[in-house]
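Remarks on the structure that follows.
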Amino acid sequence: MKTVPVAGVEIPTGHFINNARVDSKRTFRNTSPIDGTFLGEFSLGSATEVDRAVTAARSAFPVWRDLGPKGRGEILERLAKLIEDNVEILAQIETLDNGALLRSHRRGVMPRAAANIRFFAEWAVNELKHEPFETRGHTNFVSWDPSGVAALITPWNAPLMLATWKIGPALAAGDTVVLKPAEWTPLTASFFADLTIKAGMPAGVFNVVFGLGEEAGAALTQHPDISRISFTGSVPTAKVIAKAAAENLTPITFELGGKSPLIVLEDADLELASTLAVEQYDNAGQVCLSGTRILVHEKIVEEFTKLFITKAALIRQGDPREEETQMGPQIHSDHLARIAGFVERAKKDGANVVLGGQPNSQLGGLFYQPTLVMKPDPRSEIFREEVFGPVLCLQTFANDAEALDMANDTEFGLAAIVVSGDRDHAAKFSKNLVAGTIWVNCFFVRDLRAPFGGSKKSGIGRDGGTWSFDFYADVKNTVIAPNGWKE
Ligand code: NAD
């Protein structure tokens, strides 16, 4: 078994299939976005390894299914506890791998990864029930039955958190799993795989295949023995996966990109509004939910912009392992180039960049400055497409009707943030906003009981509570007649 030393632990670099490591001859290179440090050569999966993983998951399915929610729950509770016991190491390796803040990984992200596993295990035992009901003396029993092998495909911006957000409900529903993590961030998936053995997971229930999306990811989504495909990533990839799923009519759930509006109504508290707007730079702007289109009432735009720029200019960029750092690097040189390309094209088209607008020359490497583009053309790509970097656009509106039109004038519908000083005004304004999640005077408050997902091109399906089980499980109705019994 090949391993690499990262942050004081040995991380296996091979796929995880049937509770054992499988090394491929071909590998891909993994480096840290913080300073380019080499982190290891990981096995590059092909259709062969994917088939092996799916076969292992299929063989393990009856065992896992027959354990029932309680038996599975005991193993998943041990797994959640193991994540909690390893928060520090998981936080350190995730930060090295994706460059997000160490303190966020320690305090928020890794505890949430444990919660993702525990919550769905408990939900399957305690909440997943439907009262039986009668039809002309016959009794209907509704059940959520395990469906088979779930293929899970995840991005790099919150690798373990987003993976466990799928692994938790899939395993709790009784499905077995093949995970294909993003090629830029394989570390925590590998570490997590070893935790599943420690938790007592039967062999084959959880599998990981590393590799490129176009090869390993494609082979997984095309596999005829997959019962579900759950994907988080970009819209172009989702279109490719939807075609693969169509071939076998495999059910899909998609959590995709966004270009969410943050609307500052005329009666908003501008201190709060500007603080919330600056929070949209979180994770160096690499957050699907970010409110990257800031829409401000024209009467307050001057004061808002002054407050915003004062706060944004104080953002401390640097090494994400340091406590005082507020913004780390972008994930990869390709991604940095993509972000810079958007801003350069906007400048060429005459956009007014009032903050940032280029890579951070002092820090070098993969750091890009927090950027604000003032009043770009509403039809321009910078205002319409997902940049997925620290680049926000600001537009003004004259009244609520115009603000609503602008907010909804997008192909996305993941989230919207409304800032207002009046409850009724905020409620009235939010009513016709099209998005999976609306935050009023807040951002990023998430509860696993709530539905989460995107409208329009931001996704298909909802996760959270029973919605997750509606996807991963086969929902079945058993109708029992009153007659025909021998007793
Ligand atoms: P991506 O679509 O490039 O890749 C995501 C995953 O898909 C990776 O594991 C990749 O290897 C795999 N993949 C690529 N091509 C594939 C193919 N042909 N078949 C199967 N799998 C394939 O996205 P990314 O750049 O890793 O992530 C950023 C995107 O993810 C952004 O658009 C962001 O908004 C979105 N995102 C959405 C949410 C959400 O909850 N809605 C959360 C995080 C990120």
Side-chain angles (χ1 to χ4, degrees), residues 28 30 33 42 44-47 50 97-98 100 109 112 116 151-166 178-186 188-189 208-223 226 229-247 250 252-260 280 282-292 330-332 334-336 338-339 385-389 410-415 435-437 444 446 450-464 468:
F28 64 97
N30 183 33
F42 278 75
L44 186 69
S46 66
V50 165
D97 214 6
N98 85 337
V109 177
R112 163 72 195 275
N116 284 341
L152 313 181
I153 301 183
T154 48
W156 44 261
N157 62 326
L160 189 66
M161 202 288 282
L162 290 169
T164 50
W165 173 223
K166 299 180 185 305
V178 179
L179 169 71
K180 208 300 282 171
E183 47 269 49
W184 287 344
T185 50
T188 46
V208 182
V209 177
F210 296 114
L212 305 181
E214 302 76 33
E215 190 177 4
L220 185 56
T221 57
Q222 288 161 9
H223 204 292
I226 290 293
I229 299 171
S230 175
F231 169 72
T232 299
S234 64
V235 171
T237 306
K239 289 183 181 175
V240 176
I241 293 177
K243 281 189 190 143
E247 193 57 38
T250 314
I252 48 170
T253 182
F254 286 165
E255 290 187 354
L256 310 177
K259 192 80 182 176
S260 300
Q280 308 310 310
D282 191 36
N283 202 12
Q286 300 166 141
V287 176
C288 54
L289 296 159
S290 280
T292 48
Q330 308 305 137
I331 180 75
H332 194 274
D334 291 354
H335 192 58
L336 180 77
R338 184 176 176 273
I339 294 166
E385 289 187 27
E386 184 186 44
V387 177
F388 218 54
T410 167
E411 62 175 4
F412 296 108
L414 194 54
T437 302
F444 234 109
R446 293 269 302 108
F452 177 85
S455 301
K456 300 196 271 185
K457 288 212 172 54
S458 287
I460 295 177
R462 293 291 183 268
D463 265 309
S468 292

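Remember, it's 1-based here, ligands and their atoms both numbered in the order they're listed. Not measured: the values here are computed from a predicted model. When reading the values below, keep in mind they use all heavy atoms of this one structure, side chains included, and skip hydrogens, waters and symmetry mates.
Listed by number with element, the atoms of ligand 1 under 4.0 Å from a non-hydrogen atom of I153 are 6 (C), 7 (O), 9 (O), 12 (C), 20 (C), 21 (N). Near L162, meaning under 4.0 Å from one of its heavy atoms, ligand 1 places the atoms 42 (C), 43 (C). For ligand 1, the atoms lying closer than 4.0 Å to a non-hydrogen atom of L414 are 41 (N). Residue I241 has at least one heavy-atom neighbour below 4.0 Å for each of these atoms of ligand 1: 19 (N), 20 (C), 21 (N). Heavy-atom contacts of A218 reach the following atoms of ligand 1: 19 (N), 20 (C) (cutoff under 4.0 Å). Residue-ligand proximity, F452 to ligand 1, at heavy-atom distances under 4.0 Å covers atoms 40 (O). Below 4.0 Å from some heavy atom of G257 lie the following atoms of ligand 1, by number and element: 32 (O), 34 (O).
Considering only non-hydrogen protein atoms, atom 36 (N) of ligand 1 sits nearest to C288 CB, 3.6 Å. Counting protein heavy atoms only, atom 8 (C) of ligand 1 is closest to T154 O, 3.4 Å. Among all non-hydrogen protein atoms, the one lying nearest atom 35 (C) of ligand 1 is G233 O, 3.2 Å. Of the protein's heavy atoms, E255 OE1, 3.3 Å lies nearest to atom 40 (O) of ligand 1. At the shortest separation from atom 13 (N) of ligand 1 among protein heavy atoms lies G213 CA, 3.3 Å. When only non-hydrogen protein atoms are considered, atom 18 (N) of ligand 1 lies nearest to V240 CG1, 3.6 Å. The protein heavy-atom contact nearest to atom 31 (C) of ligand 1 is E386 OE1, 3.4 Å. Shortest contact from atom 20 (C) of ligand 1 to any protein heavy atom: G217 C, 3.2 Å.
Taking 4.5 Å as the limit, every side-chain heavy atom of L160 sits out of range of all side-chain heavy atoms of V109. The closest side-chain heavy-atom distance from V209 to V178 is below 4.5 Å. Contact of the T188 side chain with the N98 side chain is not registered, since no non-hydrogen atoms from C-beta on lie closer than 4.5 Å. The side-chain heavy atoms of F388 and Q286, taken from C-beta on, include a pair separated by under 4.5 Å. In this structure, the side chains of K180 and T221 stay at 4.5 Å or more apart for every pair of heavy atoms. Counting heavy atoms from C-beta on, the side chains of W184 and D334 come closer than 4.5 Å. In this structure the side chain of F42 never reaches within 4.5 angstrom of the side chain of E183, judged on heavy atoms.
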Checklist entry - Are E386 and L256 close enough, and set up right, to give a side chain to side chain contact (heavy atoms under 4.5 Å, CB included), and what steps lead you there? => result CA-CA 10 Å; E386 184 186 44; L256 310 177; over 6 Å; no
Checklist entry - Could you go step by step and tell me if T253 and R462 meet the side chain to side chain contact (heavy atoms under 4.5 Å, CB included) rule? => result CA-CA 8 Å; T253 182; R462 293 291 183 268; over 6 Å; no
Checklist entry - Given the rule in the side chain to side chain contact (heavy atoms under 4.5 Å, CB included) test, do N30 and D97 qualify, once you have shown the distances and angles that lead to the verdict? => result CA-CA 8 Å; N30 183 33; D97 214 6; 3.0 Å; yes
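With a 4.0 Å cut-off on non-hydrogen atoms, L220 does not touch ligand 1 at all. At a 4.0 Å heavy-atom cut-off, ligand 1 does not touch H335 at all. For N157, every heavy-atom contact with ligand 1 shorter than 4.0 Å involves the side chain, none the backbone. No part of W184 comes within 4.0 Å of ligand 1, judged by heavy-atom distances.
Residue pairs meeting the side-chain hydrogen bond (donor to acceptor under 3.5 Å, both in side chains) criterion with at least one member in residues 152-164, sequence neighbours excluded, are N116-T164.
At least one N or O atom of T237, backbone or side chain, sits closer than 3.5 Å to an N or O atom of ligand 1. The shortest N or O to N or O distance between K180 and ligand 1 is below 3.5 Å.
The nearest non-hydrogen atom to atom 5 (C) of ligand 1, considering only F231, W156, F412, comes from F231. Nearest to atom 11 (O) of ligand 1 by heavy atom, out of E214, H332, E183, Q222, is E183.
Using a 4.0 Å heavy-atom cutoff, G454 is absent from the residues neighbouring ligand 1.
Remark: side-chain polar atoms of K259 are not paired, donor with acceptor, to backbone N or O of F412 under 3.5 angstrom.
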Show me the side-chain donor-acceptor pairs of residues 231-245 shorter than 3.5 Å, one per line, residues at least two apart or across chains.
residue, atom, partner, partner atom, Å
T232, OG1, K166, NZ, 2.8
S234, OG, T237, OG1, 3.1

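The CD1 atom of I331 sits 11.5 Å away from atom CG of L336, with the distance rounded to the nearest 0.5 Å.
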